[in-house]
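One structure below.
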Amino acid sequence: MRIKVKIKRCDPTGRGGCEPYLQAYDVDVKEGMTILETLMWIKENLDGTLSFRRSCRSAICGSCALVVNGTPKLACKTQILREYEGAREVVLSPLSNFRVIKDLVVDLSPLWDKIGRIEPWLQPGSEPPEGGWIITKDEVERIDRESRCILCGICNSGCNSQEVDPEFIGPSAAAKVYRFVGDVREDGKRRRLERVSGPHGIWDCSRCVMCNEYCPKRVEPMTSIEKLRVEAIREGLVDNAGARHVEALVDSVNRVGRLDEAVYTFRSLGFLRSIGMIPLGIRLELHGKMPLPHIFPAIEGIEEVRELIRAVEEEE
Amino acid sequence: MVIHDIVVIGAGLAGMRAAIEAARAGLNVALVSKVHPVRSHSVAAQGGINAALKEDDSWEAHAFDTVKGSDYLADQDAVEILCKEAPENILELERMGAVFSRDERGRIAQRPFGALSYPRTCYAADRTGHTLVHVLYEQILRAGIWIYEEWMVVSLVVEDGICRGVICLNLATGRLHRLHSKAVILATGGYGRVFKHTTNALINTGDGMALALQAGARLMDMEFVQFHPTTLRRTGILITEGARGEGGYLLNREGERFMKRYAPEMMELASRDVVSRAEQTEIDEGRGVDGCVLLDIRHLGEKKINERLSQIRQLAIDFEGIDPVHDPIPVRPGAHYSMGGIEVDVWGETGIEGLYAAGECACVSVHGANRLGGNSLLETIVFGRRAGRRAAEYASSTELKPFPDVFLKEAAHEIALILNRDDGERASTIRHELSSTMNGCVGVFREEKGLKEALDRVRELRERYRKVCIDDKGDVFNTDLQNALELKNILLLAEAICLGALERRESRGAHYRKDYPKRDDENWLKHSLFCLKDGEIRIDYKDVTITRFPPKERRY
Amino acid sequence: MRFAFYPGCAALAIAKEAYRSTLLLAERLGLELVEMVRANCCGAGLFNDKNRELNLTLNGRTLAQAEEMGLPIMTICNTCFMVLNRARAELDRDDYLRDKVNHHLARIGLRYRGEVKVKHLLQVVVEDVGIDRVKGLVRRPLRRLQVGAFYGCHILRPSEAVAFEDPDRPRSLDDLILAIGAEPVDYEGRTKCCGFQLDLVSPHLAYRMIGKRIMECRDRGGETMITGCPLCHINLDSYQGYAGKEVGFKLDMPTFHLSQLLGFAMGFSEEEMGFAKHLVSPERVLKDRGLL
C-alpha cells in the first residue's frame with residue numbers, strides 16, 4: 001500500500017535557520033514494516049539528507065525515539081500500518097521538550113545531565129561478603145521495573161511537568177533514583193530522598209500519567225515517583241508543600257471521609273502562602289464555590305474509614 | 001590542543017570496562033563513541049555471562065568447555081585467564097551495582113547454556129547486556145570520564161610505529177578533531193552488518209577492526225563468523241540461547257525435535273555452530289517452516305516466561321506478531337558474532353606500540369572457531385579490564401608526543417572527496433549488494449565456488465566505492481556521510497572474511513566448507529592472519545597455543 | 001440504566017455545578033443514579049504517595065460497596081475514574097494484594113470480589129446512552145459555538161486500567177460536541193494536563209499548564225472549552241488570571257463541565273446548569289452565538 005509519510009524536518013544550515021517544515025514522502029508499506037524501516041527506506045531511496053538516530057532496531061538501545069502522530073514512541077517497534085490505520089496519516093516529528101539538532105535528531109544533553117546529577121551509581125554501605133551479596137528474589141523484583149529503563153527520553157518528551165519546567169527532574173531520572181533507593185544494598189537512601197524532595201523534584205509531578213502510558217519498556221516512572229514520595233514521607237521529609245498536601249488529605253479523609261478543601265488548602269500551602277490565596281478564595285466565595293459553612297459534615301460510615309486507615313497503619 | 005592520556009574508542013562493555021580500569025590508575029581517560037554509551041550494541045546481549053562460581057564447578061571445566069566449543073582453535077593460555085578471572089569479575093560487577101537474577105537462596109542464579117557442562121551462566125533475566133551496560137555507564141559517570149558522544153573515529157594516527165591519537169568526526173557539527181593521546185584502546189565491537197541477516201545493531205560496522213588494519217595492525221581468524229541459531233525470521237533480531245537454556249525445544253515442520261539426530265546428548269544445547277548447521281540442513285532439506293525452524297517454549301508456562309524471558313516474549317510479539325506463550329517462534333540462523341578480530345595478546349596489545357584492543361573487535365583468541373554463549377560478555381569484562389590496565393601502565397611510563405596537522409588534513413581530504421562528489425553510486429546500493437553476497441556465499445555452509453564469487457564481488461564493490469556519492473552535503477548530523485564511511489569499513493572486512501574462508505580448506509567450528517567437511521588438524525590447526533599491504537589484504541598463519549587440552553574429536 | 005453514583009469530593013463542594021447539572025442531565029437521559037453516600041474520597045492518587053496499601057484498601061471499600069449495591073459505578077470526575085479503575089486493575093491483577101485488602105475490608109464486613117465496573121459519565125453517554133439518543137434530546141443546538149474538547153489525563157491514562165478510548169486519538173467529547181450542534185476545535189493540548197495536582201504544591205507550574213492549554217485551544221479558534229472533569233474545570237476556570245500572567249496574555253476562556261453544556265443544549269437554563277458559578281462567565285460567548 002502506498003501512503004504518504006510526513007516528516008517534520010529542520011535543517012539548521014539550510015535556508016531559514018532551523019525553521020521546521022513538513023516534508024511528505026510516498027512510501028510503499030507492507031504489513032509488519034516498522035517506522036524505523038520506513039525511515040531507512042526513505043533515506044536509502046528517496047532522500048539521503050534525512051537524519052534520525054538508530055542503533056539496535058530491537059527496542060533495547062533507546063536511540064530511535066520520536067513522535068508518531070503526536071505520541072512519543074520508539075520507531076523500531078512501531079508498525080507503520082497500525083499508525084496509519086488509527087490516524088489515516090503518519091506524521092513523524094522529533095521528541096518534544098528537547099531542542100532539535102536536525103530533522104528527527106534532538107539534543108538529549110538535558111536528559112544526560114539530569115541522570116548525571118542524581119549520582120546514578122550504587123552507594124553500598126559495606127563491602128559484600130565473600131561470594132557476593134545474598135539478595136532475595138523479592139528484593140530484585142522491587143527495582144525490576146526501574147532496571148528496565150533504556151533512557152530513550154520518551155517519558156521526558158511526554159512529561160507535562162517538564163514541558164512547563166525544564167528543570168523538573170523528569171520521569172527517567174526519578175525512576176533512576178528509585179532504582180537506587182529501592183536497592184537493598186544502597187546506603188545513600190536518605191540523602192537521595194532529601195535531594196529529590198526539593199524544588200523541581202518528585203513533588204512537581206502533576207500525575208499526568210504520560211510516562212507510564214508511553215514508556216516502551218513499562219518502567220512506569222510515575223509509579224516510581226509515587227514510591228519515592230512514600231519513602232520520603234517515611235523518612236520524615238515532610239517539610240514541603242507536596243508532603244503536607246498528602247498528609248492534609250489523609251488527615252481530612254480520616255476526619256470526614258472526604259476532602260475538606262479549606263483546611264486542606266491551608267495545611268498544604270502553609271499559613272503564609274494560603275494568605276496569598278485569600279483574594280481567589282473571596283472570588284470563589286462570591287461565585288458560591290466555597291462550601292458554606294466551612295465545616296464539613298463527615299460522611300456516613302466514617303468509622304469504617306477510620307477503621308481501615310488504622311488497620312493499614314497497624315500493619316505498617 | 002586536546003590531550004588525553006588514553007583514548008578509548010567504543011563505549012560498549014569492553015570500552016567502558018577498559019576506561020574505568022585506566023581511570024582507576026589516575027589517568028585522564030576519554031571515551032569516544034559514535035553513539036551514546038547506552039546505545040552500544042552490548043546493550044542487546046540477552047542471555048548471560050559465564051563464570052564458575054559454585055563449589056562443584058571449576059574454572060578448568062569452564063576452560064575445557066570453551067576450548068572444545070572453539071573446536072580447539074582458541075589459545076588455551078588466554079582461555080585459562082578468561083575462566084580463572086571470571087568469578088572475581090562477576091562479583092565486581094555486583095559491587096558496581098549490577099543485580100543478577102537470584103536463586104532460591106538469594107545467591108546469583110545460573111542457567112544452562114549451549115555446550116556448557118554445568119549451568120554456569122549468570123544472568124539478569126534476559127537483559128544481561130542491558131544491565132551491565134547501564135551499570136558500567138554509571139561507573140563512567142562516577143569516575144568523571146570524559147565522553148565524546150556521537151563522535152566517529154575516522155583514522156588512527158600511527159607515526160614511527162607508535163599510536164599517537166585519533167582523528168574524529170563530531171557528528172553534531174561535522175567538524176574534524178584531533179585527540180592526542182599516549183595510548184588508544186579499540187573496543188568497537190563486531191561487523192555484523194557485513195551480512196544481510198544479522199542480530200547485530202545497525203551501528204555494527206567493524207570500524208575499529210578496519211581502522212586497525214589500515215593503521216598497520218593485523219587481523220586474525222576473520223573467516224570465523226558465528227551464526228546464531230535463533231534469530232527472528234524477518235528482522236534477524238536475537239532470541240536468546242537462554243530460551244533453550246530454560247528448556248525450549250527446536251522443532252521442524254513435522255514437530256520433531258530434530259537436534260536428536262545431530263547432537264543426541266546436548267540436543268538443543270549443543271554449541272551454536274552445530275545447532276545452526278542442523279537448522280540450516282533441516283530448512284535446506286525441506287523440513288523447515290517458511291525458511292525457518294520453530295523454537296517452542298510454550299511448555300515453560302507463562303509465569304516462567306514472564307520471569308526469565310520477558311524481553312524475548314515482547315520481541316516476538318512486537319517484531320514477529322507471535323506470542324511465544326501461545327505459539328512457537330519461527331527462527332533461523334543469523335550472523336551474530338565475529339570470533340576474529342584485531343590480533344592481540346592477553347593484555348590487549350596489538351602489534352603497534354600504544355594501540356590496544358578488547359572485546360569483539362579483538363581476537364585474543366578465546367573463542368577460536370566458535371564462541372560459547374555467555375563467553376562474549378565475559379570476554380569484554382575480563383579483557384577490557386586487562387587492556388585498560390596495560391594501557392594505563394604504558395601511558396604512565398611514556399611521554400606524549402603530539403602528532404602533526406597532516407593527519408587531520410588527510411582525513412579532511414578524504415571526507416571532502418565524498419562530500420563534493422556530485423555524481424556516483426549510492427552507498428546503500430553497494431551495501432545491499434555486499435550484504436546479500438555475504439549472506440548467500442559466506443554463510444553457514446560455504447564452498448569454493450561461492451567463496452570465489454563472493455571475493456570477486458567484494459573486490460568489485462570496493463572499486464565501485466571509489467565513486468560513492470551521498471545526498472547530504474551538510475555539516476550537522478550528516479548520517480549519510482557516516483553511512484558512507486562505515487561502508488568503507490565493512491567492505492574492507494568483507495574482503496578479509498572471504499579471503500580467509502576461501503583459503504581455509506577444512507571445516508572447523510563456525511567455518512564449514514561443504515567441499516572440505518572434515519576438521520584438518522594436521523594442516524589447519526592454526527590462526528589466519530591478515531594485513532594490508534598496498535591496499536591489498538595479505539594472509540598469513542600462526543600456531544595455536546595449546547596448554548592442557550589436546551585436540552580431540554568434538555561431539556555434543 | 002442504574003448506576004452507583006460516585007460524584008467525588010470536588011463535585012460535592014467546589015464544583016457543585018457539575019453535580020447539580022449531572023443530576024438533571026441523568027434524569028433527562030434516563031439514567032437512574034443511586035448516590036454512594038457512604039463512599040469515601042478516592043484520594044486523587046495521593047493515598048499512593050502515603051501508602052500503596054492504603055490506596056487500595058480505601059478504594060477497595062468503594063468498589064466493594066458498589067458490588068454490594070449490585071451496580072456499576074459512575075463517576076463524573078476523571079481523577080476518581082482513574083484512581084478507582086487503577087485500584088481495581090491492581091487488585092484484579094495481584095492475588096496477594098487483593099487478599100491483603102480483603103483482610104482489612106473484612107473488619108468492616110466488606111469484600112472486594114472483582115466484579116464491579118467503574119464508568120465515567122462521558123463513557124456512559126457515548127457507550128450506554130448513545131450519540132443518536134443525545135442528538136434526539138437536543139432542544140437548543142449550540143450552532144457555530146467553537147468548543148475545544150479538553151480530555152485531560154485521567155479519563156485516558158493509564159489506558160490499560162481505565163480502558164475507555166484510544167488515549168492518542170480520543171473522540172468521544174468531539175462526537176458529543178457535534179451531537180449538540182456545536183463545532184469541535186482540534187488543538188494540541190487536548191489530552192494533556194490541567195495541572196490540578198500542582199495547584200497547592202507548585203502553583204506556577206499549574207498556572208503555566210492552564211495557560212498553555214487555554215492558549216493552544218484559543219489559537220485554533222476555540223471560544224469555550226468542555227471537560228469531563230470537575231478538577232480540570234476548576235483549574236481552567238478559576239486560575240485564568242494567574243495563568244494569563246504566565247503566558248503573557250489576558251485569558252477569558254469560558255469552560256464547562258460536560259454535564260453543563262449537554263444539559264444546556266438539552267434545554268436546561270443557564271441557572272439550572274450553574275453557569276453563574278464560573279469565574280469566567282460564558283455569557284458573552286453564548287450571547288454572541290445567539291444562544292442566550
Side-chain angles (χ1 to χ4, degrees), chain A residues 11-14 32 34 37 40 43-45 47-63 76-79 101-103 105 107-109 112 115-116 119-122 124 127-128 130-137 139-140 143-144 147-151 180 183 185 217, chain B residues 35-36 38-41 43-44 53 90-91 94-97 99-102 104-108 124-125 127 129-131 134-135 137-139 141-142 149 172 201-203 234-235 237-238 311 314-315 318-321 426-429 432 470-480 483:
Chain A
D11 176 7
T13 51
T34 63
E37 286 164 357
M40 288 172 26
K43 187 169 178 72
E44 286 179 1
N45 297 285
D47 186 351
T49 68
L50 180 67
S51 293
F52 52 91
R53 286 195 181 99
R54 82 288 182 278
S55 175
C56 78
R57 59 78 176 94
S58 57
I60 190 69
C61 80
S63 298
C76 70
K77 68 173 268 190
T78 306
Q79 300 212 353
I101 295 175
K102 180 177 181 237
D103 298 340
V105 178
D107 178 8
L108 285 173
S109 48
W112 307 126
I115 295 291
E119 295 187 0
W121 49 83
L122 185 72
E127 283 289 297
E130 200 174 330
W133 278 295
I134 298 296
I135 305 172
T136 66
K137 284 185 174 188
E139 287 164 344
V140 176
I143 53 169
D144 179 65
S147 303
R148 294 170 190 233
C149 176
I150 58 173
L151 297 174
F180 296 106
D183 193 314
R185 302 167 296 178
K217 305 309 277 187
Chain B
V35 293
H36 183 278
V38 303
R39 318 291 190 222
S40 304
H41 185 58
V43 83
L53 294 179
I90 296 291
L91 295 179
E94 279 228 327
R95 265 205 303 281
M96 288 176 174
V99 191
F100 290 102
S101 297
R102 317 311 283 190
E104 296 305 328
R105 290 165 55 191
R107 300 172 308 174
I108 294 173
R127 311 185 300 271
H130 170 267
T131 296
H134 283 257
V135 162
Y137 175 58
E138 289 160 15
Q139 296 298 313
L141 294 177
R142 181 184 186 181
E149 171 195 326
L202 295 153
I203 57 170
R234 202 176 66 81
T235 54
I237 289 170
L238 176 69
Q311 181 184 205
Q314 202 57 47
L315 287 171
D318 289 340
F319 294 95
E320 205 56 59
R426 292 181 90 95
S428 55
T429 313
H432 283 301
I470 58 175
D471 290 350
D472 196 343
K473 310 292 183 191
D475 294 326
V476 178
F477 229 92
N478 187 340
T479 48
D480 216 13
N483 293 349

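The structure displayed is predicted, hence computed values, not measured ones.
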Any idea which heavy atoms bring [X] and [Y] closest together, and the distance?
{"X": "B/R102", "Y": "A/I135", "value": "CG-O, 3.0 Å"}
{"X": "B/D472", "Y": "A/K102", "value": "OD2-NZ, 2.8 Å"}
{"X": "A/S55", "Y": "B/I203", "value": "OG-CD1, 3.3 Å"}
{"X": "A/C76", "Y": "B/F319", "value": "O-CE2, 2.9 Å"}

Taken in chain and number order and not counting sequence neighbours, the residues that satisfy salt bridge (Lys or Arg N to Asp or Glu O under 4.0 Å) with A/E130 are none

Contacts of A/R53 meeting salt bridge (Lys or Arg N to Asp or Glu O under 4.0 Å) (sequence neighbours excluded), chain-then-number -> B/E150

Donor-acceptor pair, side chain of [X] and main chain of [Y], under 3.5 angstrom:
{"X": "B/R39", "Y": "A/C61", "answer": "yes"}
{"X": "B/R426", "Y": "A/E44", "answer": "yes"}
{"X": "A/S58", "Y": "B/I237", "answer": "no"}

Interface check, chain B: of A/S63, A/A59, A/G132, most non-hydrogen pairs under 4.5 Å belong to A/S63

Heaviest contributor of heavy-atom pairs below 4.5 Å to chain B, chosen from A/K77, A/K43, A/K137, A/R57, is A/R57

One should read off an interatomic distance between A/R148 CZ and B/H130 NE2, to the nearest 0.5 angstrom, of 10.0 Å

Interatomic distance, CH2@A/W121 vs CE@B/M96, rounded to 0.5 Å, equals 13.5 Å

When the 4.5 angstrom heavy-atom criterion is applied to A/E37 and chain B, the contacting part is side chain

- [ ] Check the angle between the aromatic planes of B/Y137 and A/W112 and answer parallel, tilted or perpendicular using the 30° and 60° thresholds.
- [x] perpendicular

